Each structure stands twice: as C-alpha cells, then as structure tokens.
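Lettering follows sequence order; numbering is per chain, from 1. This is a predicted model, so every value here is computed, not measured.
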Amino acid sequence: MVRTRIAPSPSGFLHIGTAKTALYNWLFARKNNGTFILRLEDTDAERTDEQYVHGMCEGFKWLGIDWDEGPPFGDVPEKGNYGPYRQSQRKELYQKMAYQLLEQGKAYKCFCSKESLESYKDETGNLYYPGFCRNLTPDQIIEKGNAPYVIRFRVPEGETIVNDLIQGTVYFKNSQYDDFIILRANGDPVFHLAVVVDDITMKITHVIRGDDHLTNTPRHIMLFNALGASLPHYAHHPLVHDEQGRKFSKRLHGANVLDWRDDGYLPEAIVNYVALLGWTSEEENREFFTLPDLIEHFSIERINKSAARFDRKKLEWLNGLHIRNLPVENLRERLLPILEKHGFNTSVKTKDWLSKLAQICQEKLPTLNRVVFLADFLFKDFDIYETEAEAKLWKSPETIIIYFKNIQDKLSTVSTWQHDLLKTVFENACTELNIKLGALVNPTRLALTGKSIGPGFFELMELLGKEKTIERLSRAIEYLQNKGGITRE
RNA sequence: GGCCCCUUCAUCUAGCGGUUUAGGAUGCAGGAUUCUCAGUCCUGUCACACGGGUUCGAAUCCCGUAGGGGCUACCA
C-alpha cells in the first residue's frame with residue numbers, strides 16, 4: 001500500500017514549489033491506489049500562523065489536490081487513523097522517541113548553551129558542534145542538576161547511502177554531519193526528528209520532496225536506523241526556479257499559487273504546467289494533460305534531475321488551451337464571479353445570454369480575466385472611444401455618418417435580432433454603399449464597443465440587443481457631427 | 001570554503017553509443033484564413049557549456065574546467 005504525504009510548514013502561503021511537490025505525491029498515490037496525507041509541520045510556533053494554514057488548504061483544494069488523511073479544515077473534521085496531523089499536537093510522541101534514543105545511548109544530553117557554541121566552527125567557518133557533551137559520564141550529568149539541555153543525536157561513524165528514485169545512489173560521509181539537535185531545550189522537536197517519527201508512525205512508503213532535502217536525507221536515514229524502522233523510498237525532485245533562473249522568491253508575484261487564481265488562470269492549467277516543469281510523459285510530444293490524464297501517465301522515473309525555469313508565456317498558452325477545452329456552460333460559470341467582481345450585474349441576464357457570451361469569448365481568452373476587457377461594453381456604457389482606433393477608423397467623419405445612418409435605418413426594421421440575419425443586413429448595406437464588409441463593420445464596432453478589438457461583430461451585436469445598438473449608433477453620429485464641426489472651423 | 005545535485009535551441013524538453021542533416025512545444029518572425037483581435041493551419045528562427053579521454057563510432061560513457069542550484073541553525 002502506497003502512502004505519500006505533503007508536509008508543508010504553515011509559515012507562508014502555498015508556494016508554487018510546494019504545490020509541485022504536493023502534486024507529485026498526490027499523483028503517485030492516486031496512480032497506485034494509495035493514500036495521500038496532509039501533515040502540517042508547525043513545530044516552530046513562532047512562524048506558524050492560522051491564516052497560512054487556511055491559505056494552504058484552500059490552495060490545495062483549488063488545485064484539486066485532495067487529501068485522504070489530514071487535519072481538520074473548515075467544516076471537514078480530521079481524516080485518517082494516524083493523527084493528529086499537526087506536529088504541534090504530537091510533541092509527546094517526539095519526546096518519547098527522543099528519550100528512547102537517549103536511553104539507548106543513541107542520543108545524549110547536551111548542556112552547552114547556544115551562545116557558548118558560537119565560536120566553534122569547522123575549517124570552513126560553519127558552526128560545528130565539537131561534541132563537548134558527547135561522552136559525559138553519568139556523574140557529570142547528575143552534577144548539571146536542573147541545568148537546561150538539548151538532546152543531540154549521536155551521529156555514527158561510516159557513511160550513509162541514499163538510494164534515490166530520481167537522483168540515483170548518492171554517498172555521504174557521516175563525518176560531515178555533527179551531532180545535531182533532535183529535541184530543543186524547551187522540549188520541542190527539531191524538524192529532522194519530527195519528520196522521521198511522523199514518517200514512521202504514519203507509515204509513509206514514499207517520500208517525494210524537493211532536492212533541497214537531499215543533503216538532509218542522511219540525517220533522516222540515520223534516525224530511521226537508530227529507531228529501528230525500515231526506510232521509505234526517497235525521490236528528490238529539482239526545485240522550480242523563477243524566470244531569471246533563481247530560487248522562486250516568496251516575494252515574487254506568482255510564488256503564491258492563489259495569485260494565479262486571482263489572475264484568471266485555471267487550476268487545470270496550473271497543475272498541467274507545474275507537472276511539466278521537470279516531468280514528461282512517456283507519450284512523446286504530448287503536453288496537454290488534465291488531472292485524470294496525469295494520474296494515468298505519471299511516473300517518478302520520468303522526472304528530470306535538472307531544475308526548470310518558470311515561463312509565464314507557456315503557462316498562458318496552456319491556460320488558453322484549457323479554457324478552449326472547457327464546455328461552454330462550465331466556462332460561463334467560471335466567468336460569472338469575475339464579471340460580478342468588476343461590478344457587472346450578471347443576474348439580469350439569462351443563462352442562455354451568458355452562455356453565448358462565454359462562447360463568443362472562449363477562443364480569445366488567454367486568461368479568464370480577459371473577459372472583462374472583451375465584454376465590458378455589454379454591461380455598461382463607455383464614455384470614450386479608443387483614440388488610435390478613432391483616428392484610423394473614423395478618419396472622415398462625414399462618410400462614417402452616412403454609413404451609420406444607412407445601417408441604423410436598416411437595423412431599426414429588423415425584427416429577428418439574430419447574428420446571421422444581422423450579417424445579411426450589413427452585407428446588403430455594403431453592396432449599396434459599394435464598400436467592403438470590413439469598411440463598415442470596423443467603424444461600427446468602434447461605435448458599439450468603444451474599441452477596435454473584441455468578439456465576433458455580429459455575435460456581439462446580437463448580445464448587445466437592438467435597442468442598445470441603435471442608441472449607440474445615435475450617440476456615435478452625434479459625436480461625429482460635433483467632431484466634424486470642430487474640424488471645419 | 002566544504003559536501004551534494006545539475007548543465008541539449010531564449011524557455012520547457014525528447015534523446016539513454018550508430019536509425020540524428022539533433023525531434024517536439026512555448027516564444028519570436030513571416031504567410032494563409034478573416035469583420036477586429038484571437039484561434040486554427042503552414043513556413044522560418046534557434047541548442048548538445050568548454051577541454052581532454054574511451055570507442056570503428058559520443059549529445060549519449062569516463063575525467064577535468066567553467067557556470068548554476070542546494071545543504072551547511074535549538075527554520076522547515
């Protein structure tokens with residue numbers, strides 16, 4: 001039975017890198033009918049904040065990464081039989097294990113204060129615990145009385161081998177690790193102990209995580225061995241870099257997964273893109289994957305060893321692809337909150353009307369938010385015409401006025417306001433005026449929408465409605481007459 | 001600094017000793033379609049970090065060099 005986990009520290013929002021790790025763990029579990037566990041590594045009370053806990057869970061939910069076992073979230077109570085799933089609630093367990101190691105002589109009490117150790121560094125200038133308390137006699141320990149102490153792990157001699165599913169076999173000399181602390185003076189566990197104890201007790205079979213943990217893994221393996229537990233399989237994947245090739249800083253927009261939601265990206269696209277950042281399908285040249293597709297094709301063997309840069313442009317392309325892949329009704333529902341957020345009242349429109357809106361915008365949307373630009377004129381009147389377009393399309397106001405009056409007359413007699421019929425009306429007008437369709441459509445688009453670009457013209461006019469169309473034509477004619485007057489002076 | 005990992009077009013990558021004039025995608029440039037934009041289709045642009053080996057033969061294996069990243073806390 002495969003059991004994987006994502007173990008974030010709730011000291012910030014859901015980082016894109018954490019999302020990648022979560023996704024890989026989730027995919028691997030789903031692929032193997034295993035269990036995916038969410039565990040919060042909140043042993044550092046200083047840095048933990050409930051709002052981050054909430055943001056992370058919300059982020060996972062948004063991405064579609066659900067957990068089979070994990071702490072309570074919102075209305076959902078704790079799930080799973082290996083809880084609690086917050087390290088802050090498992091302190092006694094860690095202490096028990098630490099003292100077990102202490103009794104077995106695999107760990108020892110260290111009475112050195114942090115300050116007193118500051119001057120001890122290795123040849124290279126790094127702090128390195130010289131082992132002052134490593135061989136204290138029982139009498140010496142009794143002498144210390146109630147002096148505060150930490151528990152340090154007695155790092156054994158020899159070497160530790162990491163057999164990694166992605167990195168291969170990596171050798172580490174134990175001598176490069178000093179006797180690290182496993183239990184702090186205040187009784188809190190340190191990350192390494194907590195991780196190992198949890199992975200043991202939660203019966204984790206596969207630890208998939210960022211390769212920033214690769215050099216921590218020997219410590220973990222030594223602890224597993226000391227605790228007499230068998231090792232999980234390890235898979236260390238490369239980190240996600242920003243567009244400059246550097247570590248994806250938390251301060252950067254986009255580091256927070258929910259930034260993408262706010263920017264109008266689909267969770268499907270984020271998941272697809274992030275999966276591709278360091279993994280390829282065995283199916284060559286395929287890039288479009290839904291979550292079920294990913295479950296079907298995912299394999300650890302095809303994860304790369306080199307770090308990948310984040311590329312917004314490619315994400316945007318993929319996002320457009322996923323938007324176009326959505327059934328129109330689905331797209332409509334996703335567009336509604338965005339429209340509402342911009343103050344457009346969608347409740348006065350029919351479902352059918354809104355579906356048509358989604359349909360005429362669908363192939364033009366790189367992001368959902370773009371709908372605001374493409375369709376704002378359908379919800380509110382505008383006060384200015386796009387300047388450049390006006391200069392280009394309404395170069396000779398007198399002529400345009402003639403066009404507009406002509407088409408306005410014809411439109412006012414149309415009884416079935418439907419795009420195909422409207423097109424015919426325009427075609428007739430063009431024949432009559434002896435101009436090409438574009439020569440009439442483009443200036444009219446500016447009159448109706450205030451812009452030179454937008455959805456298909458006849459479709460847009462259908463949604464605008466007869467009354468608004470006639471009204472905006474009148475407004476444009478009036479505007480052009482005034483303008484013409486000024487130029488004549 | 002030490003230890004560990006990485007290095008194919010601008011970017012994500014395929015490639016796992018001969019099938020490679022190194023393939024795909026994004027981007028960029030151009031063309032076609034067209035009521036604008038977009039989409040779609042077509043064409044073009046662009047790479048094996050460097051230096052040594054091994055081999056009949058290397059992007060693929062080995063060793064150096066350079067560059068990038070990670071770890072090096074009573075953070076995780």
Side-chain angles (χ1 to χ4, degrees), chain A residues 7-12 41-44 46-47 87 110 112-114 117 122-128 148 150-152 162 164 166-168 170-173 175-178 180-186 188-192 194-195 210-219 236 238-239 241 243 245-247 273 276-281 284-288 304-318 320-321 324 361-366 370 373-374 389 393 423 426 430 436-446 449 451-460:
Chain A
S9 162
S11 54
E41 307 220 325
D42 57 349
T43 51
D44 188 359
E46 296 267 310
R47 301 201 306 156
Q87 292 188 331
C110 170
C112 305
S113 69
K114 193 181 178 184
L117 258 19
D122 60 16
E123 321 76 62
T124 58
N126 292 309
L127 283 176
Y128 191 93
V150 297
I151 295 181
R152 284 184 186 271
V162 179
D164 195 276
I166 296 169
Q167 305 292 335
V170 190
Y171 300 84
F172 295 90
K173 287 194 183 73
S175 60
Q176 71 177 276
Y177 299 97
D178 62 2
F180 55 96
I181 293 170
I182 55 176
L183 204 69
R184 297 175 208 171
N186 67 4
D188 283 347
V190 162
F191 164 72
H192 302 110
V195 167
D211 67 11
D212 50 337
H213 283 302
L214 185 60
T215 47
N216 281 149
T217 306
R219 289 196 182 88
H236 288 90
L239 268 20
H241 286 173
E243 307 206 61
R246 286 189 283 267
K247 195 168 96 181
Y273 182 69
L276 254 27
L277 237 35
W279 171 85
T280 42
S281 169
E284 256 195 66
N285 301 336
R286 175 166 176 189
E287 299 199 287
F288 183 89
N304 267 176
K305 289 177 88 173
S306 55
R309 283 190 200 204
F310 201 90
D311 183 358
R312 258 157 226 271
K313 287 275 179 58
K314 187 145 187 178
L315 205 210
E316 195 173 283
W317 164 76
L318 209 45
L321 217 55
R324 275 167 254 138
C361 292
Q362 187 160 29
E363 67 183 16
K364 298 170 194 294
L365 295 173
R370 177 77 178 171
F373 171 84
L374 288 176
L393 298 167
K423 188 174 184 188
F426 269 74
C430 286
K436 282 197 281 190
L437 190 59
L440 181 57
V441 161
N442 293 333
T444 313
R445 171 189 295 281
L446 185 59
T449 72
K451 291 176 185 143
S452 59
I453 59 182
F457 180 71
F458 304 106
E459 290 77 6
L460 138 197

List the residues meeting side chain to side chain donor-acceptor pair (under 3.5 Å) with A:S9, not counting sequence neighbours, and say none if there are none.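 Listed in chain order: A:S11.
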
Look at A:E287 together with A:K314 and state whether they make a salt bridge at an N to O cut-off of under 4.0 Å.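 Yes, charged N to carboxylate O under 4.0 Å.
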
What's the spacing between A:I166 CD1 and A:N304 CG if we round to 0.5 Å?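 Those atoms lie 9.5 Å apart.
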
Nearest-Å distance once atom [atom1] is located in both [N] and [M]:
{"N": "B:G24", "M": "B:C63", "atom1": "P", "answer": "33 Å"}
{"N": "B:G2", "M": "B:U26", "atom1": "P", "answer": "44 Å"}
{"N": "B:C71", "M": "B:G15", "atom1": "C1'", "answer": "31 Å"}
{"N": "B:A49", "M": "B:A22", "atom1": "P", "answer": "15 Å"}
{"N": "B:C61", "M": "B:A25", "atom1": "C1'", "answer": "30 Å"}
{"N": "B:G27", "M": "B:U13", "atom1": "C1'", "answer": "14 Å"}
{"N": "B:G1", "M": "B:U65", "atom1": "P", "answer": "13 Å"}
{"N": "B:U8", "M": "B:U60", "atom1": "P", "answer": "12 Å"}

A:F310 or A:C112, whichever maps to the more 5' nucleotide of RNA chain B: A:F310

5'-most by nearest nucleotide on RNA chain B - A:R309 or A:K247: A:R309

Within the 4.5 Å heavy-atom criterion, are [X] and [Y] side-chain neighbours or not?
{"X": "A:K364", "Y": "A:R370", "value": "no"}
{"X": "A:H213", "Y": "A:F191", "value": "yes"}
{"X": "A:V441", "Y": "A:T444", "value": "no"}
{"X": "A:V162", "Y": "A:Q167", "value": "no"}
{"X": "A:L239", "Y": "A:K247", "value": "no"}
{"X": "A:L460", "Y": "A:R445", "value": "yes"}
{"X": "A:Y273", "Y": "A:D311", "value": "yes"}

When all nucleic acid strands are considered with a 4.0 Å heavy-atom cut-off, which category describes [X]: base, sugar-phosphate, or nothing?
{"X": "A:L318", "result": "nothing"}
{"X": "A:G454", "result": "base"}
{"X": "A:P366", "result": "nothing"}
{"X": "A:A185", "result": "base"}
{"X": "A:G278", "result": "sugar-phosphate"}

Please tell me which of the listed nucleotides, [options], lies nearest to the side chain of [X]?
{"X": "A:R184", "options": "B:C74, B:U13, B:A25", "value": "B:C74"}
{"X": "A:L437", "options": "B:C12, B:C74, B:C35", "value": "B:C35"}
{"X": "A:E363", "options": "B:U13, B:G39, B:U26", "value": "B:G39"}
{"X": "A:D212", "options": "B:G70, B:C74, B:C37", "value": "B:G70"}
{"X": "A:N285", "options": "B:C74, B:C71, B:G24", "value": "B:G24"}
{"X": "A:K364", "options": "B:A25, B:C74, B:U36", "value": "B:U36"}

Residue matched to [N] through Watson-Crick or wobble contacts both under 3.5 angstrom:
{"N": "B:A25", "value": "B:U11"}
{"N": "B:C74", "value": "none"}
{"N": "B:G51", "value": "B:C63"}
{"N": "B:U33", "value": "B:G39"}
{"N": "B:A58", "value": "none"}

Can you measure [X] atom [atom1] to [N] atom [atom2] for me and round it to whole angstrom units?
{"X": "A:R246", "N": "B:G67", "atom1": "CZ", "atom2": "C1'", "value": "14 Å"}
{"X": "A:D178", "N": "B:C71", "atom1": "CG", "atom2": "P", "value": "17 Å"}
{"X": "A:Y177", "N": "B:G2", "atom1": "OH", "atom2": "P", "value": "16 Å"}
{"X": "A:H236", "N": "B:G69", "atom1": "NE2", "atom2": "P", "value": "20 Å"}
{"X": "A:E287", "N": "B:U26", "atom1": "CD", "atom2": "P", "value": "7 Å"}
{"X": "A:L276", "N": "B:U11", "atom1": "CG", "atom2": "P", "value": "17 Å"}
{"X": "A:L440", "N": "B:U36", "atom1": "CG", "atom2": "C1'", "value": "13 Å"}
{"X": "A:R312", "N": "B:G27", "atom1": "CZ", "atom2": "P", "value": "15 Å"}

Under 4.0 Å between a side-chain N/O of [X] and OP1 or OP2 of [N], yes or no?
{"X": "A:T280", "N": "B:U13", "value": "no"}
{"X": "A:N304", "N": "B:A14", "value": "yes"}
{"X": "A:T43", "N": "B:A76", "value": "yes"}

Contacts of type side-chain contact (heavy atoms from CB on, under 4.5 Å), residue [X], not counting sequence neighbours:
{"X": "A:R246", "value": "A:D242, A:Q244"}
{"X": "A:K451", "value": "A:F373, A:D376, A:E386, A:T449"}
{"X": "A:V150", "value": "A:C110, A:R152, A:I181, A:A185"}

Under a 4.0 Å heavy-atom criterion, the protein footprint on nucleotides 4-9 of chain B, written with B, S and -, is SSSS--

Filtered N/O pairs between nucleotides 40-45 of chain B and protein, under 3.5 Å:
{"from": "B:U40", "atom 1": "OP1", "to": "A:R324", "atom 2": "NH1", "distance (Å)": "3.2"}

